[in-house]
Amino acid sequence: MLRFLTRRVLGAIVILLAITAVTYFLFFVLPSDPARLACGKNCSNPDVVKAIHHRMGLDLPVYQQYWDYIRGIFVGRHMPDGQNCPAPCFGFSFVNDQPIWPTLTDRYPTTLSLAVGGSAAFLVIGVGLGMLSAWQQGKTFDRVASSISLVGNSVQIYFIGPLAIALFADNLGWLDHGHDPTWSSDPTGSFSGLVLPCLVMSVIFWSNYSRQTRSLMVEQLAEDHIRTARAKGMSSRYVFFRYALRGAAASIITIFGIDLGSVFGGAIITEATFGLHGLGTLAVNAVLGLDLPMEMAVMIFSASAIVIFNILVDTAYAIIDPRIRLS
């Protein structure tokens with residue numbers, strides 16, 4: 001197991017280095033001049049632009065700039081203008097000239113809460129419906145659940161979100177409209193404020209997981225070892241949960257690992273729909289404000305989170321299927 005995890009971690013480090021390199025060169029080497037962006041749209045004084053170049057360290061060789069950036073993430077940086085940026089240092093925002101890291105840590109709990117809560121919702125609902133459909137294969141429940149899954153897979157968050165707010169929050173008053181979580185001071189209020197956003201976000205995912213789980217379970221139930229277990233006198237319920245579900249679980253985890261990027265993307269769209277302040281709105285505002293350091297930091301931070309979660313998914317996969325550790 002240790003060898004398996006070591007390979008995954010080393011692979012993740014290589015991927016993150018590649019992501020940071022591509023992101024850095026896209027933002028700081030392409031024709032757009034970060035110094036002019038930092039100076040503002042009406043900046044025309046070349047001396048001011050030159051001073052900003054020096055303050056941002058853009059007058060150094062590109063490889064030196066990249067090394068300073070990577071090194072600053074781990075040990076901090078002393079900027080050319082004398083500012084101190086403690087680790088992890090992603091630089092300073094073009095908009096307010098403040099360190100970027102505190103802003104990321106302030107916004108990330110909202111995105112993470114949506115991603116975790118939405119994932120829990122669509123896994124429970126989707127896998128549960130898929131299992132019940134496989135158990136009731138060919139019966140009325142199976143046909144109704146399959147139809148609902150097809151409808152759910154056709155809708156989008158920005159369409160169903162306002163409808164859910166109007167129905168469950170405004171008219172029925174069952175759920176909160178949705179607000180940013182403050183887990184340390186108000187865990188109950190944070191939970192209630194995320195229920196509706198997480199459920200809305202989960203719709204487009206659980207409909208797919210319902211169909212996938214049903215297909216996997218039906219396939220497992222047709223395997224030879226399942227028929228052998230039944231021939232030995234084992235109950236249908238025991239065979240269903242002990243053998244068929246375990247056989248399908250590995251594939252479900254694999255699909256979830258592939259969908260992690262989409263989960264974070266869904267969380268970002270949900271933030272915009274419910275007016276939440278997470279990494280999604282932060283990235284949009286950074287793009288609109290041409291705040292390159294903030295855009296780059298959000299991309300690297302989000303990519304790192306996805307890679308870390310993929311390692312956790314791979315670990316869970318290896319625990320369920322020990323053969324994976326040998327691959």
Side-chain angles (χ1 to χ4, degrees), residues 112-157 160-161 164 175 191 194-223 225-226 229-230 234-267 269-270 305-306 308-324:
L112 180 62
S113 298
L114 278 174
V116 173
S119 297
F122 72 67
L123 285 174
V124 171
I125 299 172
V127 174
L129 275 178
M131 289 171 58
L132 290 174
S133 294
W135 182 265
Q136 300 290 325
Q137 183 181 355
K139 298 182 180 179
T140 302
F141 180 87
D142 181 25
R143 291 192 291 270
V144 171
S146 297
S147 300
I148 293 175
S149 296
L150 287 174
V151 173
N153 201 41
S154 304
V155 300
Q156 296 297 325
I157 294 174
I160 195 174
L175 300 171
F191 177 81
L194 287 174
V195 170
L196 187 57
C198 287
L199 289 176
V200 167
M201 182 187 128
S202 72
V203 171
I204 61 174
F205 291 98
W206 68 249
S207 54
N208 179 52
Y209 276 77
S210 175
R211 293 185 294 109
Q212 294 278 6
T213 302
R214 180 193 180 280
S215 176
L216 290 168
M217 292 294 293
V218 169
E219 181 181 335
Q220 285 293 318
L221 290 170
E223 293 287 341
H225 69 280
I226 298 293
R230 285 174 172 168
M234 298 180 185
S235 67
S236 297
R237 187 183 302 274
Y238 180 83
V239 171
F240 186 86
F241 289 99
R242 178 65 177 82
Y243 294 106
L245 180 58
R246 183 169 183 177
S251 298
I252 295 171
I253 291 175
T254 302
I255 297 170
F256 178 66
I258 296 173
D259 284 343
L260 275 176
S262 300
V263 169
F264 276 87
I269 298 174
T270 305
I306 292 173
I308 291 171
F309 278 109
N310 265 297
I311 292 176
L312 296 177
V313 170
D314 287 343
T315 303
Y317 194 12
I319 291 173
I320 291 177
D321 189 351
R323 294 172 299 175
I324 302 300

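- Contact record, Leu114 with Ala267: CD1-O, 3.7 Å, taken as the closest heavy-atom pair.
- To the nearest 0.5 Å, the span separating OG on Ser235 from CZ on Arg242 amounts to 12.5 Å.
- Judged as a salt bridge (Lys or Arg N to Asp or Glu O under 4.0 Å), and not counting sequence neighbours, the contacts of Asp142 are Arg214.
- Contact of the Arg230 side chain with the Leu221 side chain is registered, since non-hydrogen atoms from C-beta on lie closer than 4.5 Å.
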Are Ile269 and Met201 close enough, and set up right, to give a side-chain contact (heavy atoms from CB on, under 4.5 Å), and what steps lead you there? CA-CA 9 Å; Ile269 298 174; Met201 182 187 128; over 6 Å; no
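- Atom CG in Leu194 sits 10.5 Å away from atom OG1 in Thr270 (nearest 0.5 Å).
- Shown here are the side-chain contact (heavy atoms from CB on, under 4.5 Å) partners of Arg143, two or more places apart in sequence or in another chain: Thr140.
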Please evaluate residues Phe256 and Ile252 with respect to the criterion side-chain contact (heavy atoms from CB on, under 4.5 Å), reporting the C-alpha separation (whole Å), side-chain torsions for both, the decisive distance (0.1 Å), and the verdict. CA-CA 6 Å; Phe256 178 66; Ile252 295 171; 5.6 Å; no
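- A distance of 9.5 Å separates OG1 in Thr254 from CG in Leu216, rounded to the nearest 0.5 Å.
- The OG atom of Ser146 lies 10.0 Å from the CD atom of Gln137; values are rounded to the nearest 0.5 Å.
- Every residue two or more places apart in sequence or in another chain was checked for a side chain to side chain donor-acceptor pair (under 3.5 Å) with Thr213, and none qualifies.
- When the side-chain contact (heavy atoms from CB on, under 4.5 Å) test is applied to Gln220, the partners found at least two apart in sequence or on another chain are Glu223, His225, Ala244, Ala248.
- Nearest heavy atom pair, residue Val155 against residue Ile204, reads O-CG2, 3.2 Å.
- By the side-chain contact (heavy atoms from CB on, under 4.5 Å) test, Phe241 is found to be paired with Met131, Arg237, Leu245, residues two or more places apart in sequence or in another chain being considered.
- Within the structure, the salt bridge (charged side-chain N to carboxylate O under 4.0 Å, His left out) test picks out no pair touching residues 253-264 (sequence neighbours left out).
- Residues Cys198 and Ser113 share a closest heavy-atom pair of SG-O, 4.0 Å.
- A pairwise comparison of heavy atoms in Phe264 and Ala305 identifies CZ-CB, 4.3 Å as the closest pair.
- Pairs engaging residues 194-208 under the side-chain hydrogen bond (donor to acceptor under 3.5 Å, both in side chains) rule: Asn208-Arg211 [sequence neighbours left out].
- Taking each heavy atom of Ala164 and Val200 in turn, the nearest pair found is CB-CG2, 3.6 Å.
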For residues 116-128, dump all side-chain donor-acceptor pairs below 3.5 Å to protein atoms at least two apart in sequence or in another chain.
residue, atom, partner, partner atom, Å
Ser119, OG, Ala115, O, 2.6

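- With values rounded to the nearest 0.5 angstrom, Ser210 atom OG is found 15.0 Å from Phe205 atom CZ.
- Applying the side-chain contact (heavy atoms from CB on, under 4.5 Å) criterion to Ile253, with sequence neighbours excluded, gives Val313, Ala316, Tyr317, Ile320.
- Contacts of Thr315 classified as side chain to side chain donor-acceptor pair (under 3.5 Å), with partners at least two apart in sequence or in another chain: none.
- Atom NZ of Lys139 sits about 12.0 Å away from atom CG of Leu132, to the nearest 0.5 Å.
- Listed by chain and number, the residues in a ring-ring contact (aromatic ring centres under 6.0 Å, His included) with Phe240 are Trp135 (sequence neighbours excluded).
- Considering all non-hydrogen atoms of both residues, Gly266 and Ile157 come closest at O-CD1, 3.6 Å.
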